[in-house]
2 protein chains.
Amino acid sequence: MLQTTIEMEKAAVILKLMGDKTRLTMLKLIDNQACCVCEFVEIFQTSQPSISQHLRKLKDLGLVNEERKGQWIFYLVNKNNEYYSFIKPILDQLPNQDYKLNELEEKGTRISCC
Amino acid sequence: MLQTTIEMEKAAVILKLMGDKTRLTMLKLIDNQACCVCEFVEIFQTSQPSISQHLRKLKDLGLVNEERKGQWIFYLVNKNNEYYSFIKPILDQLPNQDYKLNELEEKGTRISCC
DNA sequence: TAATTATATAACTATTAGCTTATATATTCA
DNA sequence: TGAATATATAAGCTAATAGTTATATAATTA
């Protein structure tokens, strides 16, 4: 078969991280477009440290990249990560979450990255 | 797109369940062939209640089916479950675990279901 | 340069999850 | 029917996880 294979251990770690609604939604969102911490705070209506801690876990596994743009730090799914091919088919089955960003856009609280 | 879609909430619950090495390996094994509790106990070298509790969680979500054959209860991935199409592509990326059953076969501890 | 804004991190707390031990139930077999 | 085998479940313990509060760092702006 042409299927890629991943060690069970690693797969379980990744799936556990994805098995959290906040992190899963984050990944789905930033598979398309970069988002900064303060946007996540508004989208998920939770505290900034909570968001940062979720992002930290995703970053530690290499699933996301961060990029500072001035005072903001933008996060984006790391498509070069060796496990991207594992998570991509999962993300593709999830409902699009872009409406969450559109809501920010309408409220004028979207941070447009240059 | 022709992609199936699943609610975020449900997806997160399923991924969390799959994010455990024991349960993930179980699912991969019984995607092909039925296994009974005592086989899992031997494969994972853990206690019977622990195995039963893992299976219980998978069963509660409808991911697996059980079928009694005499004194044994065999478990199998439920391919009729509405979320099977969600988990199948994940399982397909995992390395085949059948060698674990082959080991039982050699040791003579495989329970052959009629 | 001081105040403000964005983010990260550390410490603490509460909740959850997994395992163990003990026990109950169901089936088989002598 | 009584003993043995297979499985489930409940209760309790411990470890892991997620969130909160407090604080530190970095960049921006007045």
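This one's a predicted model, so the numbers in the text were calculated from it and none came from an experiment. To find a chain, count down the sequence lines: A is the first, B the second, and so on, and within it residues start at 1. What's counted below: heavy atoms across the whole structure, side chains too, no hydrogens, waters or symmetry copies.
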Which whole-number value in Å describes the distance from [X] [atom1] to [N] [atom2]?
X	N	atom1	atom2	value
Ile51(B)	dT9(D)	CD1	C1'	15 Å
Met26(B)	dT7(D)	CE	C1'	13 Å
Phe74(A)	dT7(C)	CZ	P	8 Å

Give a yes or no on whether a salt bridge exists between Lys100(A) and Glu39(A), defined as a side-chain N under 4.0 angstrom from a carboxylate O.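 No, Lys100(A) and Glu39(A) are not salt-bridged.
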Can Lys79(B) and Asp31(B) be counted as an ion pair, charged N to O under 4.0 angstrom? yes
Every protein N/O within reach of nucleotides 24-30 of chain D N/O, cut-off under 3.5 Å:
none

How far does [atom1] of [X] sit from [atom2] of [Y], to the nearest 0.5 angstrom?
X	Y	atom1	atom2	value
Leu24(B)	Leu91(B)	CG	CG	7.0 Å
Ile14(A)	Met18(A)	CD1	CE	8.5 Å
Glu42(A)	Cys36(A)	CD	SG	10.0 Å

For a quick test of reading the model, state the closest non-hydrogen atom pair linking Arg23(B) to Leu17(B) and the distance between them.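 Heavy atoms of Arg23(B) and Leu17(B) come nearest at NE-O, 2.7 Å.
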Per the salt bridge (charged side-chain N to carboxylate O under 4.0 Å, His left out) rule, what does the pair list look like for residues 6-18 of chain A, sequence neighbours excluded?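 For residues 6-18 of chain A: Glu9(A)-Lys21(B).
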Of the candidate nucleotides dT7(C), dT7(D), dT20(D), which contains the atom at the shortest distance from the side chain of Tyr75(B)? dT7(D)
Contact list for DNA chain C against residues 16-25 of chain A - heavy-atom distance below 4.0 Å: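 The stretch gives none, as no residue of it lies under 4.0 Å from the strand.
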Heavy-atom contacts under 4.0 Å between residues 40-48 of chain B and DNA chain C, which residues? Thr46(B), Ser47(B)
Taking side chain as C-beta onward, heavy atoms only, is Phe74(B) less than 4.5 Å from Ile111(B)? yes
Does the side chain of Asn32(B) come within less than 4.5 Å of Asn96(B)'s, by heavy atoms? yes
Specify the residues of residues 53-65 of chain A, ordered by number, for which at least one heavy atom lies under 4.0 angstrom from an atom of DNA chain D.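 Heavy-atom cutoff 4.0 Å gives Gln53(A), His54(A), Lys57(A).
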Knowing that exactly one of Leu55(A), Leu58(A), Asn78(A) qualifies, which makes a side-chain contact (heavy atoms from CB on, under 4.5 Å) with Leu63(A)? Leu58(A)
Test Tyr75(A) against every option in Glu66(A), Glu67(A), Lys59(A) by the side chain to side chain donor-acceptor pair (under 3.5 Å) rule and name the one that passes.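 Of the listed options, the one satisfying the test is Glu66(A).
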Check side chain to side chain donor-acceptor pair (under 3.5 Å) between Asp60(B) and all other residues, then give those that pass, not counting sequence neighbours. Arg56(B)
Without hydrogens or angle criteria, can the side chains of Asp98(B) and Gln33(B) be said to hold a donor-acceptor pair below 3.5 Å?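 Checked: Asp98(B)/Gln33(B) side chains pair up, N/O donor to acceptor below 3.5 Å.
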